[in-house]
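Down below is the structure, laid out as structure tokens.
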Amino acid sequence: GLGDVYKRQAPKIVGYTFFESPYLTPENVAWANEYYDLFVAGSTWCRDVLREHGIQNTDTIIQGIDTALFHPLDNERGDLRDRFVIFSGGKLELRKGQDLVIRAFKVLQDRHKDVVLMNAWYNLWDDSTMTMRFSPYIQFNMPPGDYVQAIEALVHANGIDPRRVITLTPRPHAEMVEVYQNTDCGLFPNRCEGGTNLVLMEYMACGKPAIASFTSGHRDVLSDVNAISIRSLKPFTVKDQYGNILQRWDDPDLEEVVEKLEWAYQHRDALKDIGRQAAVDMAQNTWDRAAREFLRLIFHESQ
């Protein structure tokens, strides 16, 4: 089979894996143990799932970010400097938790006239977008057609004034630095991340404070001083039409999400301190560091 070809051609077979399900099939476990000498996971959470399924020769190496690109900027805020701008990024799907963002932003919108939601939710995969139908928090109404109009319909269906929402269309990666610069805080109530969430890491690297769920891969990069953690979590299950559990993730508590957003709105100076620490911490996570960890790990395993 293909695995035998790999074995003949390489002295060591190393896998690098990211996944968002706590359930692995027996077939995948058998394949991993038979053909791979080492499995490296993109987060401690992923590594623990591997070990729980009997794949013992594992380790963790978290991803790097382009620190030459993602770092704090010195220039002043642009047109939105008189607004409190909340950023939400990641492809629109149930796992990423944008339904919680929508529900929490609705509360802030009703309290404060100067809050704005800036979103970068574009998703090429319709199937994953449609997982939002299972949200217990929002009415999922996203008509086909123009993407920006579809997001406007989605937020409007959930009581949000579309004039308070800025929807970003896909753009070059490098341009996101200036986008982040014009925001006050990021909101990442993700239910599960197999990696460390590169959008979160890049946002923090730009010296921006993030409100983020303390779960799965997020735990490898968040601390009490570099972010505002959402720690009240409860099990969130996704079931098929027969009642079989497909996924089991962590659901951030909506009240805590709102509470942390309100705290951020009221404590602008504290946000700056958190953002500065985030930039310092994320600057350590270079791709060079990740590559060197791979070399050390493979060399050590070869001894």
Side-chain angles (χ1 to χ4, degrees), residues 14-22 38-52 58-72 87-91 93-98 100-101 120-121 123 128 173 176-177 179-180 185-231 233 236 247 249-252 260 274-297:
V14 178
Y16 194 29
T17 184
F18 299 78
F19 50 83
E20 283 84 27
S21 173
L38 173 66
F39 247 116
V40 181
S43 69
T44 303
W45 180 84
C46 260
R47 184 206 65 189
D48 291 346
V49 172
L50 292 174
R51 290 181 177 177
E52 288 166 5
T58 63
D59 215 310
T60 304
I61 296 178
I62 69 171
Q63 297 174 93
I65 55 175
D66 187 347
T67 52
L69 183 61
F70 294 98
H71 58 80
F87 173 79
S88 173
K91 61 184 186 294
E93 60 179 347
L94 189 66
R95 179 175 63 83
K96 294 282 187 181
Q98 289 96 343
L100 285 161
V101 173
W121 293 342
N123 189 349
S128 67
H173 199 203
M176 294 306 295
V177 181
V179 168
Y180 300 155
C185 73
L187 180 56
F188 300 87
N190 305 42
R191 295 183 169 99
C192 184
E193 286 292 330
T196 43
N197 190 348
L198 283 180
V199 178
L200 170 64
M201 291 176 68
E202 291 168 351
Y203 187 81
M204 293 171 66
C206 291
K208 290 296 175 177
I211 303 169
S213 51
F214 195 76
T215 182
S216 53
H218 280 186
R219 294 192 301 242
D220 285 324
V221 295
L222 299 182
S223 75
D224 289 335
V225 292
N226 69 15
I228 304 165
S229 294
I230 304 164
R231 292 181 179 267
L233 309 165
F236 185 93
Q247 305 290 0
W249 298 328
D250 286 330
D251 198 30
K260 295 295 171 65
I274 293 169
R276 278 191 287 268
Q277 188 61 49
V280 170
D281 291 354
M282 291 308 105
Q284 312 304 312
N285 293 313
T286 63
W287 282 114
D288 179 73
R289 185 269 310 153
R292 290 178 183 277
E293 286 188 16
F294 260 107
L295 289 173
R296 274 198 300 272
L297 187 59

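The structure displayed is predicted, hence computed values, not measured ones.
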[X] side chain near [Y] side chain, heavy-atom distance below 4.5 Å:
| X | Y | result |
| --- | --- | --- |
| R292 | R289 | no |
| D281 | M204 | no |
| E193 | K96 | yes |
| I274 | Q277 | no |
| L200 | L222 | yes |
| I230 | I211 | yes |
| S216 | D250 | no |
| F188 | V199 | yes |

Might you point out which heavy atoms bring [X] and [Y] nearest each other, and give the distance in Å?
| X | Y | value |
| --- | --- | --- |
| C206 | V177 | SG-CG1, 4.1 Å |
| C192 | R95 | O-NH1, 2.8 Å |
| P252 | P189 | CG-O, 3.4 Å |
| L94 | R191 | O-NH1, 2.6 Å |
| A279 | P72 | CB-CG, 3.7 Å |
| M282 | V221 | CE-O, 3.7 Å |

Does [X] have any side chain to side chain donor-acceptor pair (under 3.5 Å) partners at least two apart in sequence or in another chain, and if so, which?
| X | result |
| --- | --- |
| W121 | S88 |
| E20 | none |
| Q63 | none |

To the nearest 0.5 Å, what is the distance between [atom1] ([X]) and [atom2] ([Y])?
| X | Y | atom1 | atom2 | answer |
| --- | --- | --- | --- | --- |
| L100 | D251 | CG | CG | 5.5 Å |
| K208 | E202 | NZ | CD | 15.5 Å |
| I65 | M201 | CD1 | CE | 5.0 Å |
| D59 | L38 | CG | CG | 7.0 Å |
| S213 | R219 | OG | CZ | 10.0 Å |
| C46 | F18 | SG | CZ | 7.5 Å |

_Side chains of T44 and D220 only: does a donor on one sit below 3.5 Å from an acceptor on the other?_
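Yes - a donor-acceptor pair under 3.5 Å links their side chains.
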According to ring-ring contact (aromatic ring centres under 6.0 Å, His included), who are the partners of [X], at least two apart in sequence or on a separate chain?
| X | answer |
| --- | --- |
| H71 | none |
| F87 | Y180, Y203 |
| F70 | H173 |

Using a 3.5 Å distance criterion without hydrogens, assess whether the side chain of [X] forms a donor-acceptor pair with backbone atoms of [Y].
| X | Y | result |
| --- | --- | --- |
| S229 | R231 | no |
| T58 | F39 | no |
| W287 | G64 | yes |

*Go through the steps to decide whether T196 and N285 satisfy the test side chain to side chain contact (heavy atoms under 4.5 Å, CB included), and finish with yes or no.*
CA-CA 11 Å; T196 43; N285 293 313; over 6 Å; no
*Give the intermediate values and the outcome of side-chain hydrogen bond (donor to acceptor under 3.5 Å, both in side chains) for residues N123 and S128.*
CA-CA 8 Å; N123 189 349; S128 67; 2.7 Å; yes
